[in-house]
Amino acid sequence: MAHFALAIQKLLSDRIEKMAIGIHCGRVVAGLLGTSRFCYDIFGDTVNMAARLMANQPKKISGCCIHLSPDYTTILHEASHPTMFHILNCKDSIKLKGKGDVYTSVLYPHSSGTSRQTTPSPFAPPSL
C-alpha cells in the first residue's frame, strides 16, 4: 500500500498542486449496492479513519501528503527494509472526529544515500 501511495504521489505531483492520501489498516466490510445499477464499495471504521487522515493533513506540510495512522506506521516499521521509506512522526497530535487526539506520521520516498531517520515515537503523548 505504501509503495502504491508513493507511486500515485510521484505520478500526479507535477499535475496536481495539492493532494492528500490517508492510510490505515484493519477490517472492512465490502459489498454490492443497488438493485438495477450495481456499485461495489467498502465500509467500516478503517475506511473512516483513512478518510479522516486524508482530510486532516498536518498544517506544516504543503503539496502532496501521505498521512499514516499509528497502526499502519507500526506495521510499516516492522515490515519494511530500513532504506525503503522515510517516515516523519508528527510531534503534535491531530484531533480526529470519533478518535480524539491521534499522533500520526507522514510518509516520504527514501532518498538514496541517506539513512532512515524518524523522530520519536508518535504512539505516546510527549512527556510534560
Undergrad: Side-chain contact, heavy-atom cut-off 4.5 Å: Ile66 with Ile23?
TA: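 Side-chain contact under 4.5 Å: yes.
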Undergrad: Using the salt bridge (charged side-chain N to carboxylate O under 4.0 Å, His left out) criterion, which residues pair with Lys97? Sequence neighbours excluded.
TA: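 Counting only residues at least two positions away or on another chain, Lys97 forms no salt bridge (charged side-chain N to carboxylate O under 4.0 Å, His left out).
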Undergrad: Are Thr104 and Thr73 close enough, and set up right, to give a side chain to side chain contact (heavy atoms under 4.5 Å, CB included), and what steps lead you there?
TA: CA-CA 8 Å; Thr104 60; Thr73 302; over 6 Å; no
Undergrad: For His67, does its backbone N or O pair with a side-chain atom of Tyr72 as donor and acceptor, under 3.5 Å?
TA: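 Answer holds: no.
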Undergrad: What residues form a side-chain contact (heavy atoms from CB on, under 4.5 Å) with Arg27, not counting sequence neighbours?
TA: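 side-chain contact (heavy atoms from CB on, under 4.5 Å) check on Arg27 returns nothing, list empty.
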Undergrad: Output a table of donor-acceptor pairs, distance under 3.5 Å, between side-chain atoms of residues 32-45 and any protein atom two or more places apart or on a different chain; print 'none' if there are none.
TA:
| unit_1 | atom_1 | unit_2 | atom_2 | d |
| --- | --- | --- | --- | --- |
| Asp45 | OD1 | Lys99 | NZ | 3.0 |
| Asp45 | OD2 | Lys99 | NZ | 2.7 |

Undergrad: Taking only residues at least two apart or on different chains, which pairs with a member in residues 3-25 satisfy ring-ring contact (aromatic ring centres under 6.0 Å, His included)?
TA: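 Counting only pairs at least two positions apart or across chains, the ring-ring contact (aromatic ring centres under 6.0 Å, His included) contacts touching residues 3-25 are His3-Phe85.
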Undergrad: Which ILVMFWY residues can you reach from Met54 by hopping between side chains whose heavy atoms are under 4.5 Å apart?
TA: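 When side chains under 4.5 Å apart are linked, Met54 ends up in no cluster with other residues.
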Undergrad: Look at the side-chain heavy atoms of Ile, Leu, Val, Met, Phe, Trp and Tyr, link any pair under 4.5 Å apart, and say whether Val28 and Leu53 land in one connected group.
TA: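 No.
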Undergrad: Please round to the nearest 0.5 Å and tell me the distance separating atom CG of Leu96 and atom CG of Asn48.
TA: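 Interatomic distance, Leu96 CG to Asn48 CG, rounded to 0.5 Å: 11.0 Å.
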Undergrad: Yes or no on side chain to side chain contact (heavy atoms under 4.5 Å, CB included) for Thr74 and His77, after CA distance, side-chain angles and deciding distance?
TA: CA-CA 5 Å; Thr74 301; His77 273 295; 5.8 Å; no
Undergrad: Walk me through whether Val106 and Leu68 qualify under side chain to side chain contact (heavy atoms under 4.5 Å, CB included).
TA: CA-CA 6 Å; Val106 177; Leu68 308 176; over 6 Å; no
Undergrad: What residues, two or more places apart in sequence or in another chain, satisfy side-chain contact (heavy atoms from CB on, under 4.5 Å) together with Ile75?
TA: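 With sequence neighbours excluded, Ile75 shows a side-chain contact (heavy atoms from CB on, under 4.5 Å) to Cys25, given in chain and number order.
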Undergrad: Does one hydrophobic cluster hold both Val29 and Met49, with members joined at side-chain heavy-atom distances below 4.5 Å?
TA: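 Cluster IDs for Val29 and Met49 differ.
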